[in-house]
Amino acid sequence: MLYNDPKTFREDMLKGYVAAYPDYVVEVPGGVARATKMAEGKIAVINGGGSGHYPAFCGIIGDGFMDATVVGNVFTSPSTEDVLGVAHSVDQGTGIFIVGGNYAGDKMNFNMARDRLVEEGVDCRTFYITDDVASAKPEEIEKRRGNVGTFMVFKAAGAAAAAGVSFDELVRITEKANDRTRTMSMGFRGCTLPGGDEPLFHVPQGKMEVGQGIHGEPGVGEADLASAAEVAELLVERVLAEAPADDSKRIAVILDGLGSTKYEELFVVWGTVRQLLEDKGYTLVEPLVGEYVTSLDMEGIALAVEFLDDELETYWSAPCDTASFRKGESSMAAGERKVYAQLSEQVDTFEQGSEASDKAADYIVDAFARMQAAIAAAEEDLAKIDGVAGDGDHGRGMVKGSTFAAEAARDARSRGAAAGSVLKEAGRAWAAKAGGTSGVLWGSALEAAGAVVGDQAEGYDATVAAEAVKAAYEKMLSLGGAHRGDKTMLDALIPFGEALEAAAGEGKSLEEAWAAAAEVAQKAAEDTANMVPKVGRARPAAERSLGTPDAGAISMALCIRTVLPE
C-alpha cells in the first residue's frame, strides 16, 4: 500500500481527494462537504465513519446524495468534535440528519454531537443502518452492523432530502430503506492497514470467510473455497431469505468488490447472481456491479439488495451527481460555490490551583508521557490481539489517543493548569483527535476523573484516587452500553477501581494501593481470554476470540501499571 506516514494517511488522503475533485468537495473541520450551496430549505444529510471505504463514504457528496461526510482515521469512528465541525459547515437552519453504520464508536460520537447541536438549537437527528445479515439473527436485528447496503440507504436519504421532504418524512423513508435492505459478504483475503506488514486476518488455504465486515473484521465462520457460481448461490440465498411479506419482486442490487476483487471476477459471479434472481421472479432495477463500499485492499465480494416499493424505487432512480457516482442530470455543475468560514481555536485559561494540585499535575503529566511510551512499544502486540476477532486497529488508536492526551496534558500544564484541569484537557484531546469507541470512552472517563480530582484540594490520597477511578468507569458504563463481563476494557478497569477502593479502606498509601490494584487489573485483563465479546465489532466473531484476551482490557491494564514510575 502507498502512503507517506501511516499516522497521517487520513489527512494525506483528504488533501489529494479534494485536489482531485474541487468542483465537488471542499475540506472542512472533521471531513469534507459539498463545494456548492444546497437548495434553500433543504435538510442537510451527513454520513460518516472511518476512512478506507472509498467511494463510501466521502465519495458520494453532491446533488441528490450526501451533503457532507465526517471522516475518521482508517476504520475508526470520527470524534464528536469532527462531527460538530462538519455539521456546522453545512448547517443552514433547516435541520441536520446524521446517518451512519450501526457501530458503537459511530453511535456514541454521532449521538453526543447530535445532543450538543440540539442544545445549540439545531434540529438534529441520527440514524444507524443494520443491513448485514451475517452479523446477527433476524430477531436481533438491532445488533446488526452496516455493510454494503449502507450505500442504498444513503441514496434513499439523500434523494428524499433533495426532493424537499419534511424531517419526519425523511426519517421515515430512511427507516424504510434500512428495513428493506439486506447484505451478505464473503472474504478471500484480509486487508492491510497503512504501515502494516500483515493482513488483519488470514484466510486458511482452501477456505473463505463467511460474512466478514467492512472494517477488516474476519467473518463469522469459514467454509470451503467454492466456485463463483456456488458463491453466487450462497449470497443470493442469504439475502432473499429475509424478503419482506409485501415483496414487489422489484429490487435494487449491488454486487460489490471489497477492494482487490477484480471486475472480471465480479462479472463472472454476476452472471449467476442475475440469473438466480430472475429465475426467482425478480426484476432488477438499475443494478450496480463494481466497487461502492470497500475495505482497503480486502479481497472479497458482497451482495446487497433493496426490496423496492414505488416510493423507494423513485429515490433509487433519482438523479445524483458526485465525484464517484452519477445518475441522470443534476444542477451540480451550475451550482453556486459555498464559502466556508474558518474556525478559530479558543485557548483556555486556567485558575491557579492549590500547591498540592500543582504538584499532582506535574506527576500526571509525567504519567501520561510514560503511558504514551508504553503504548507505542505495545502497538504491534495490541493490533495482533485486536485482529483475532476485531478490526486490528486498537494499537494504532491507542497510540493516537495517548499521544494527543500527553501533548494536551503537557500544554495545559505549561499554561498553569492544575491536576483536575490537566486530566480534563487530556481527555478532551483524546476524544477529539483519536476518535473511535475507545477514544470517546477514554476521553470521557478522563474528564470525569478530572472533575473528581479538581484543582483546589489540599492533598490527594488513595480514597480520592478510588473516587476518581469510579467516576471514570461509571462514565464509560453510561456511554458505551457495555457491562462487566462483556469482554471490554471495563473488565480491567472496574476490578482495578474496586481493589483501589478496598486498599484505601485499609489505610494504604496511594502508591501502595495503586500498585496492589494494578496487579488486580493485569490479572483481570488476562482473564478476559476466557470470555466471549457481547458488544462491539468483535461480537459477530465472538467464538474466535476465546483464548485471546481483550485488547482494550490489556491496554487499560498497561496504562494503569505505567502510572507508577519504575
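Computed from a prediction, not measured in an experiment: that's the story for all the values here.
When all heavy atoms are compared, the tightest approach of Ala113 to Val83 is CB-CG1, 3.4 Å. Considering every non-hydrogen atom in both Thr126 and Phe110, the closest pair reads CG2-O, 3.9 Å. Counting all heavy atoms, side chain and backbone alike, Ala318 lies closest to Lys155 at O-NZ, 2.9 Å.
Using a 3.5 Å distance cut-off with no hydrogens or angles, the side chains of Ser79 and Asn109 do not pair a donor with an acceptor. For the residue pair Thr130 / Asn102, no side-chain donor-acceptor distance below 3.5 Å is found, with atom types taken as modelled. Side-chain atoms of Asp491 and Thr528 include no donor-acceptor pair closer than 3.5 Å. Side-chain contact check for Asn47 and Thr69: at least one donor-acceptor pair (N or O, by modelled atom type) lies under 3.5 Å.
Between Tyr473 and Lys470, some side-chain heavy-atom pair lies under the 4.5 Å cut-off. Contact annotation: the side chain of Tyr54 never approaches that of Met13 to less than 4.5 Å [non-hydrogen atoms, C-beta and beyond]. Looking only at side-chain heavy atoms (C-beta outward), Leu288 and Phe151 come within less than 4.5 Å of each other.
Because its NZ or CZ atom is both nearer than 6.0 Å to the ring centre of Phe167 and within 45° of the ring axis, Arg125 counts as a cation-pi partner of that residue. The cationic atom of Lys327 (NZ for Lys, CZ for Arg) lies less than 6.0 Å from the six-membered ring centre of Trp316 and within 45° of the ring axis.
None of Arg180, Arg144, Lys137 except one satisfies the salt bridge (charged side-chain N to carboxylate O under 4.0 Å, His left out) rule with Glu242; the exception is Arg144.
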